Number of protein chains: 2
Amino acid sequence: MTTQIPEGDEADRPLRADAARNRQLILDTAAEVFAEHGLDAGYDEIARRAGIGVGTVYRRFPERDELVQALFESRIREIVTIAEEATTRPDPWDGLVWFLERALERQVADRGLKEAMVRTVDQDAHMTIGREQLGPLIEAMVVRAQADGTLRSDVEATDLGVSLMLMSSITTPQQPELWRRYLALFLDGLRARPDQGPLPLIAPADESMHAMMCNLHGTRP
Amino acid sequence: MTTQIPEGDEADRPLRADAARNRQLILDTAAEVFAEHGLDAGYDEIARRAGIGVGTVYRRFPERDELVQALFESRIREIVTIAEEATTRPDPWDGLVWFLERALERQVADRGLKEAMVRTVDQDAHMTIGREQLGPLIEAMVVRAQADGTLRSDVEATDLGVSLMLMSSITTPQQPELWRRYLALFLDGLRARPDQGPLPLIAPADESMHAMMCNLHGTRP
DNA sequence: AGTGAAACGGAAGAGACTTTCCGCTTTCGC
DNA sequence: GCGAAAGCGGAAAGTCTCTTCCGTTTCACT
């Protein structure tokens, strides 16, 4: 169907002042709640903290995905920007490490972002920015660092995706930055060395990644 | 699986024949269900598969912990035995790798075992075998491999615990053994090398480990 | 076989969440 | 200022699980 007629009715009509105010309030509160409890936090918790009724939240965001997208699209785009900058840094290895650290700092601080990043890998999510833009950029980092001879040659882009997911789980209230310790260890393993043998098995394909995310978190789809 | 009919605590009264038969049926079925769905699988799923009523399961194991303990004590003890053997292998580094591989093979195949191992770290769980026996054995492996000069000197026993937990999540239906790839990378990072600087941050203490397990899995306590 | 206690099954109850619905309130164009 | 329509709150209905309870069945002992 290729109708020229715009969706008119629904799309153009601006929100009433109170509705617009509440929409923003919901976004702000949801950001906070999702950061703490993840993307599956109950709407009632958001409503309670925002001091409004649950119905209001459901009316504005009938599909949870709309809320998630509204909140995290820009955050993920921010990570894409970091990745872009990483690929242009003078030293390829430093660029790669710099990217991982920046990305992890953000994911570790916000459980919602971490889960949104996972959905990025998800086949049919409409969080395509990540999948379509981040993938190639990481690939570029890998190629560059391998050409430079600092990254071991049998590492692939998905390996970095896996490590991001793993590291982002390593935080505790006592040691919020604990992930840095294991990132350091892991990076030492990624470094090209004269004596090292080939890695066992092939790097995971996208569908493997997806399955892995699912049992790493509780996310089912 | 051949578990006896110990009971005993309150009264020495032995179970009636049908009850004893069902107890064993529950254990066998629960082993299967837990392996698939983890320790939080519903009692009704166990009952359904065993072809008995839910009430029967609740009567025999009013506390889920009793069922978990009955099922996994011997499995964890098996891992302790592996650790013991690892500390006596001629080459310390090989011993350490051998232990990690054997332990992971078991944990990856059984989601219930993986979660039971996590509870091993848990402060007030009555799954003390792991905490009290496994810890010192891993410590011994670390000391031995460091004395040998193969394991980097700033690695600690808890670091291995963390790596076990991380790796045990890396499986997919497509590549069930994918963990081996990342274990290889991680091990390369653990190896002592002349050029390496010190690791950032200190290794996690037991309470940190516990907190980490909790948000790695969905387990709350 | 007969009897009482133990055990069984599964329906009903309890709880925690999620989602909808509807009477009342607020906004906005006139 | 007024009225129609959009929006609001939160109680109620719907879902999903986990757990208990009780009438019926099975077992062990005489």
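In the text below, chain A, chain B and the rest are named by the order of the sequence lines, each starting its count at 1. A quick note: this is a predicted structure, and the numbers were derived from the prediction, not measured.
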A:Arg59 CZ to D:dG10 P, straight-line distance once rounded to whole Å: 13 Å
A:Tyr43 vs C:dT18: side-chain N/O to OP1/OP2 distance below 4.0 Å: no
Touch class at under 4.0 angstrom, heavy-atom based, for A:Arg60 against every strand present: sugar-phosphate
Whole angstrom value for the distance that separates C1' of D:dC8 from CZ of A:Phe61: 16 Å
Sidechain N-carboxylate O distance under 4.0 Å for B:Arg106, B:Glu78: yes
Inter-residue atom distance A:Leu185.CG - A:Leu190.CG, 0.5 Å rounding: 11.0 Å
For A:Gly42 against A:Arg64, the heavy-atom pair lying closest together: CA-NH2, 4.3 Å
Touch class at under 4.0 angstrom, heavy-atom based, for A:Arg23 against every strand present: nothing
Atom pair CZ (B:Arg102) and OG1 (B:Thr81), whose distance is rounded to the nearest 0.5 Å: 14.0 Å
For B:Glu36, the option from B:Arg49, B:Arg111, B:Lys114 that meets salt bridge (charged side-chain N to carboxylate O under 4.0 Å, His left out): B:Arg49
Between C:dC8 (C1') and B:Arg21 (CZ): distance, integer Å: 12 Å
Salt bridge present between A:Glu105 and A:Arg180 (N-O < 4.0 angstrom): yes
Could you write out each protein N or O paired with an N or O of nucleotides 28-30 of chain C at a distance under 3.5 Å?
residue : atom : partner : partner atom : Å
C:dC28  : OP1  : A:Ala17 : N            : 3.1

Rounded interatomic separation in angstrom, taking CZ from B:Arg64 and C1' from D:dT17: 11 Å
Heavy-atom donor-acceptor pair, B:Asp159 side chain to B:Glu156 backbone, under 3.5 Å: yes
Length of the line joining B:Asp44:CG and C:dA12:P, which is rounded to integer Å: 17 Å
Sorted by number, the residues of residues 48-56 of chain A with heavy-atom contact under 4.0 Å to DNA chain D: A:Ile52, A:Gly53, A:Val54, A:Gly55, A:Thr56
Atom-pair distance (CG on B:Leu25; P on C:dC8), nearest Å: 10 Å
Pair A:Phe186 + B:Phe186: ring centers closer than 6.0 Å: no
Nearest-Å distance for atom pair CG/C1', residues B:Asn22 and D:dC27: 13 Å
Ring geometry between A:Tyr58 and A:Tyr43 (parallel below 30°, tilted from 30 to 60°, perpendicular above 60°): tilted
Distance in angstrom units between B:Tyr58 OH and D:dT17 P, rounded: 13 Å
